[in-house]
Each structure stands twice: as C-alpha cells, then as structure tokens.
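The next block holds one structure in the form of structure tokens; read it before the comments.
Just so it is clear, the values below take in all heavy atoms, side chains as well, and ignore hydrogens, waters and symmetry mates.
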Amino acid sequence: MSQPKRAPGGFPVVGVVGGGQLARMMQGPAVELGLQLSVLAESDMAAAALVVPSSPVGEHTDLDTVRAFAEHCDVVTFDHEHVPPEVLEALEADGVALHPTRAALRFAQDKLAMRDRLTALGIACPRWARATTADEVAAFGDEVGWPIIAKTPRGGYDGKGVAVAASADDLADWLARVGEPGPLADGLLLEEKVDFVRELAVLIARSPSGQAAAWPVVETVQTDGICTEVLAPAPALDPDLASVATEAALRIAGELGVTGVLAVEMFELRPGKGAQAAYVVNELAMRPHNSGHWSMDGAVTGQFEQHLRAVLDLPLGDPRTRAPWTVMANVLGGDLPEHEELYSAYRHIMARDPGAKVHVYGKGVRPGRKIGHVNVSSSDLDDARDRAGHAADYLRGVITE
C-alpha cells in the first residue's frame with residue numbers, strides 16, 4: 001500500500017477510514033492546519049479520493065488492508081461507524097491511536113448498547129426495550145401504546161433500519177432474522193413513538209486530554225428520515241433547555257470517553273405530557289455530522305477543523321457563531337437525468353447569491369442521495385432559509401430560475 005508523503009516540520013498524518021464526503025471535507029481544514037490526510041477509500045472515485053492525494057483503495061472490513069493503511073498514520077479516525085469491532089480491537093492491540101476508541105465507538109455502532117448505557121447514566125431517553133419475539137413486541141406496544149418505533153441495532157442511517165409498527169405482525173420479517181449474523185443478531189430495539197415538538201442536535205468536540213467545546217444547539221428538519229435543513233442556532237429555544245441539552249451532551253462525551261466530534265440528536269418534548277425532561281436523546285454519531293455542516297461557514301471553528309484538532313489533542317478552536325443565523329440546506333439528488341450535470345447550476349447559484357456557500361461532494365447524482373449542501377448566514381432567519389432553500393432546490397433541478 002502506498003505511503004502518504006510527510007510534510008517537513010514534523011507535522012502528523014491523520015488517517016481516515018472511509019472515503020465519503022465527511023473525509024473529503026476534512027481536507028480543506030487539514031491543509032490550513034498544515035496536516036497531511038490519508039484516506040482509506042472504497043474506490044478511486046470516492047468523494048474524498050478525488051481531493052486527497054493519499055487515498056489508497058481498500059475495504060474497511062479487511063484487517064490486513066486496514067492494518068497496512070494505519071501503519072503510516074499517526075492517528076486514525078473515521079468517516080463512518082461501520083468498521084468491524086474485531087478490526088478495531090486488532091488495531092488497538094497493534095498500538096494504533098484510534099479516535100474515537102473502540103470502547104467509545106461501540107455505543108455508536110450498537111443502539112442497544114447505547115440505550116443501555118445512557119439509561120444507566122440517567123440520560124433522558126424514550127422508553128425502550130430489546131425484543132427477540134413477537135410476544136415481546138406485543139407486550140412493549142401494549143405497555144407504551146401503539147404505534148411503536150423499531151430499529152435495527154446495527155447498520156442503520158438516514159432513516160434506513162427504522163420502522164413504524166402498529167402491531168407485532170408489521171415486524172415479522174425482522175423477527176424472522178433475529179439471531180442471524182447481521183444488524184439483527186441481538187434482536188430489535190423497540191422505542192415508544194415520541195410526541196415531540198421538533199428535532200434538535202448538540203454537537204460536541206472532545207480531545208483525549210479531556211478538553212471539550214460545544215457549538216450552539218441547532219434545529220434539524222427531517223424529510224422521509226433524511227435531514228434536509230439545519231437552523232443554527234435553534235430558533236426560540238428556551239435558554240434553560242439549551243443549557244441542559246448541552247450539559248447532557250458534554251456528559252455523554254465524557255462518560256463514554258468520546259474523542260473527536262460527537263453529535264447528540266434529540267427530540268424536544270411537548271409540554272404537559274408527563275415527561276421528566278424537556279428532551280430525550282434519539283441517536284449518537286461519533287464523527288463530523290450533517291447537523292454540523294453549517295459550522296463550516298457559520299462558526300469561528302467548523303466541525304471538520306475541530307475534529308482534526310481533537311483527534312490530535314491540539315487545543316480546540318472557538319465554536320461561537322459568526323452571524324446571528326446560519327442555515328444549511330442539503331442538496332439531494334433529483335429525479336431528472338438532465339441534472340446529473342451540476343456545474344452550470346453551481347455557477348448560476350454563485351452569480352445569483354454571492355453570499356451562498358455551496359459545497360458539493362463529488363458524488364454521482366441519484367434520487368435521495370446527499371450530493372452537497374448550501375450554507376447561508378444572515379441577520380434574518382427567514383432570509384437565510386429562503387436563500388439556502390432556493391439554492392439547494394436549483395441544484396436539485398426542482399426549480400429553474
């Protein structure tokens with residue numbers, strides 16, 4: 001496997017397992033920090049491989065391949081959470097500095113382990129249970145009320161691996177696969193269907209020495225299980241709730257030993273429903289996250305720079321906002337073949353709105369696929385939402401003017 005070139009001056013090489021857009025967006029900050037990136041990419045056309053000179057191709061599931069890659073890196077971090085635990089264990093036995101560690105990543109890879117640990121810590125969660133049989137599903141649904149939410153403990157993302165069930169019969173296909181190798185080996189995660197006001201996210205960065213920094217709490221807008229818009233900071237959020245949610249995220253990062261960026265996705269609860277907290281934690285992600293893309297242009301220190309600082313145990317940067325409001329709009333692949341060519345639309349958006357920051361991922365267009373995002377900062381929230389949404393829709397081909 002080819003070795004990354006080392007820059008003069010003793011600056012380290014950060015290895016990233018996975019060649020998606022998250023690894024790609026680390027490259028700009030790495031250059032600005034004087035660091036070298038090396039990416040283990042799925043193909044030579046992966047999003048990160050197009051912009052990172054050292055991008056050997058290999059499978060993240062193959063121990064020999066990951067070992068050979070890590071040998072030439074000072075620290076190794078991740079574009080995704082899908083590296084098998086046995087591979088992570090072998091790397092740590094080799095003395096590779098992994099950030100986050102295998103012990104921390106377990107709680108991002110296994111939702112049952114995550115729910116069990118957060119509950120033990122007293123962190124507010126939806127009512128939940130593990131189920132392996134139809135009777136257990138029925139008992140849980142009868143207890144908390146139908147419909148319920150079912151999740152595969154491993155491997156789900158962007159709405160995949162999540163189902164709404166009105167009865168145990170709706171989960172018959174999943175129950176039939178319980179115990180087989182794969183995402184349902186240990187059973188299903190069942191959760192009550194939470195009556196919530198909106199979805200929030202708290203983004204934290206934590207270094208191995210324990211320094212931590214938090215960005216403002218944001219609101220995330222979901223469409224069909226995919227985040228389509230982020231409002232930073234979350235509009236009209238009660239300051240006490242913002243403080244409590246941030247404190248909870250910082251505590252999770254510390255108790256789980258997270259290093260790097262941690263995204264804590266939450267539901268803001270409706271008042272008067274007998275809930276013990278004004279939020280419950282929905283999901284955890286231990287890497288830069290879609291809910292933090294706004295920070296690339298809207299914060300003094302964006303999440304990709306902060307992640308690199310954190311995994312190298314460098315002093316963390318200032319997470320404060322640069323403007324009263326920043327809105328991120330995701331660009332999802334459109335349905336029209338003519339919009340496979342994005343460059344002309346990209347040029348149009350730049351001319352129409354010089355203040356819009358367009359980030360494209362170098363990925364082929366496919367319906368529903370995240371191919372980029374647009375950030376707009378403004379002193380007016382409605383203005384930022386309109387401009388970011390217009391630019392994203394134009395890139396998708398939904399509008400043509």
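Looking at every heavy atom in both residues, I349 comes nearest to A356 through CG2-CB, 4.5 Å. The minimum heavy-atom distance between P12 and D74, with the atom names listed, is CA-OD2, 3.3 Å. Between Q306 and A213, the closest heavy-atom pair is NE2-CB, 3.8 Å. Closest heavy-atom contact between L88 and L98: O-CD1, 3.7 Å. Between L175 and A168 the shortest heavy-atom distance is CD1-O, 4.2 Å. Minimum interatomic distance between A131 and L190 (heavy atoms only, all atoms of both residues): CB-CD1, 3.5 Å.
A heavy-atom distance below 4.5 Å is not found between the side chains of V76 and L40. Contact of the I148 side chain with the K193 side chain is not registered, since no non-hydrogen atoms from C-beta on lie closer than 4.5 Å. Between K151 and P183, the closest side-chain pair of non-hydrogen atoms is not below 4.5 Å. Side-chain contact between V327 and R387 is absent, with no heavy-atom pair separated by less than 4.5 Å. Contact of the T119 side chain with the W128 side chain is registered, since non-hydrogen atoms from C-beta on lie closer than 4.5 Å. P208 has its side chain within reach of H99: a pair of non-hydrogen atoms, C-beta onward, lies under 4.5 Å apart. Contact annotation: the side chain of V281 approaches that of I252 to within less than 4.5 Å [non-hydrogen atoms, C-beta and beyond]. A heavy-atom distance below 4.5 Å is found between the side chains of M266 and V202.
From E283, atom CD reaches atom OG of S291 across 12.0 Å, with rounding to the nearest 0.5 Å. In this structure, CG in L91 is found 7.0 Å from CZ in R67, a value given to the nearest 0.5 Å. Here the CG-NZ distance, from D116 to K111, works out to 15.5 Å after rounding to the nearest 0.5 Å. Taken to the nearest 0.5 Å, the CD atom of Q109 stands 12.5 Å off from the CE atom of M114. Rounded to the nearest 0.5 angstrom, L308 CG and M26 CE are separated by 6.0 Å. Distance check, rounded to the nearest 0.5 Å: CG of L284 to CG of L105 gives 11.5 Å.
The one candidate from R127, R115, R130 that meets the salt bridge (charged side-chain N to carboxylate O under 4.0 Å, His left out) condition with E191 is R115. Of the listed residues (T259, L256, T77, T101), just one forms a side-chain contact (heavy atoms from CB on, under 4.5 Å) with M286, and that residue is L256.
Side-chain atoms of H359 and D297 include a donor-acceptor pair closer than 3.5 Å. Looking at Q36 and S38, their side chains never bring a donor and an acceptor atom within 3.5 Å of each other.
Counted within 6.0 Å of OH on Y346, heavy atoms from surrounding residues, nucleotides or ligands total 12 or fewer; the atom is thus considered open. Atom CD of E92 sits in a crowded spot, with more than 12 heavy atoms from other residues, nucleotides or ligands closer than 6.0 Å. Remark: R6 CZ is packed, more than 12 non-hydrogen atoms of other residues, nucleotides or ligands lying under 6.0 Å away. A 6.0 Å sphere centred on CG of D173 holds no more than 12 heavy atoms belonging to other residues, nucleotides or ligands.
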Taking only distance into account, with no hydrogens and no angle test, what donor-acceptor pairs under 3.5 Å do side-chain atoms of residues 13-24 form with protein atoms, sequence neighbours excluded?
{"unit_1": "Q21", "atom_1": "OE1", "unit_2": "K363", "atom_2": "NZ", "d": "2.8"}
{"unit_1": "R24", "atom_1": "NE", "unit_2": "V360", "atom_2": "O", "d": "3.4"}
{"unit_1": "R24", "atom_1": "NH1", "unit_2": "A47", "atom_2": "O", "d": "2.9"}
{"unit_1": "R24", "atom_1": "NH1", "unit_2": "Y361", "atom_2": "O", "d": "3.4"}

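A donor-acceptor distance shorter than 3.5 angstrom exists from the side chain of Q303 to the backbone of H289, with no hydrogens or angles considered. T246 places a side-chain N or O within 3.5 Å of a backbone atom of A242 that can act as its donor or acceptor partner. With hydrogens and angles ignored, the 3.5 Å screen pairs no side-chain donor or acceptor of T326 with any backbone N or O of A232. Remark: the backbone N or O of P315 is paired with a side-chain donor or acceptor of R309 at under 3.5 angstrom. The backbone N or O of T132 lies less than 3.5 Å from a partner atom in the side chain of E136, making a donor-acceptor pair. Here the side chain of W215 pairs no donor or acceptor atom with the backbone of A205 at under 3.5 angstrom. Under the 3.5 Å distance criterion, the side-chain polar atoms of T321 are left unmatched by any main-chain donor or acceptor of P324. Side-chain atoms of E199 do not come within 3.5 Å of backbone N or O of F267 as any donor-acceptor pair. Side chain of D313 to backbone of S209: a donor-acceptor contact under 3.5 angstrom is found. The backbone N or O of R320 sits less than 3.5 Å from a side-chain atom of D318, completing a donor-acceptor pair.
Under 4.0 Å is where a charged nitrogen must lie from a carboxylate oxygen, and between R396 and D393 at least one such pair does. No salt bridge links D110 with R117; every basic N to acidic carboxylate O contact stays at or beyond 4.0 Å.
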Next item on the list: Could you give me the CA-CA distance, side-chain angles and deciding distance for T228 and L332, then say whether side chain to side chain contact (heavy atoms under 4.5 Å, CB included) is met?
Entry: CA-CA 8 Å; T228 51; L332 305 178; 4.1 Å; yes
Margin query: Between H373 and V230, is the side chain to side chain contact (heavy atoms under 4.5 Å, CB included) condition met? List the steps.
Written below: CA-CA 10 Å; H373 70 271; V230 173; over 6 Å; no
Next item on the list: Determine, step by step, whether V264 and Y279 satisfy the side chain to side chain contact (heavy atoms under 4.5 Å, CB included) criterion, reporting the C-alpha distance in whole Å, the side-chain angles of both residues, the deciding distance to 0.1 Å, and the verdict.
Entry: CA-CA 11 Å; V264 182; Y279 71 90; over 6 Å; no
Note to self: With side chain to side chain contact (heavy atoms under 4.5 Å, CB included) as the criterion, how do T220 and V218 come out once you've worked through the C-alpha distance, each side chain's angles and the decisive distance to 0.1 Å?
What the structure shows: CA-CA 6 Å; T220 63; V218 301; 4.3 Å; yes
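Remark: R198 pairs with E219, E268 by the side-chain hydrogen bond (donor to acceptor under 3.5 Å, both in side chains) rule, at least two apart or across chains.
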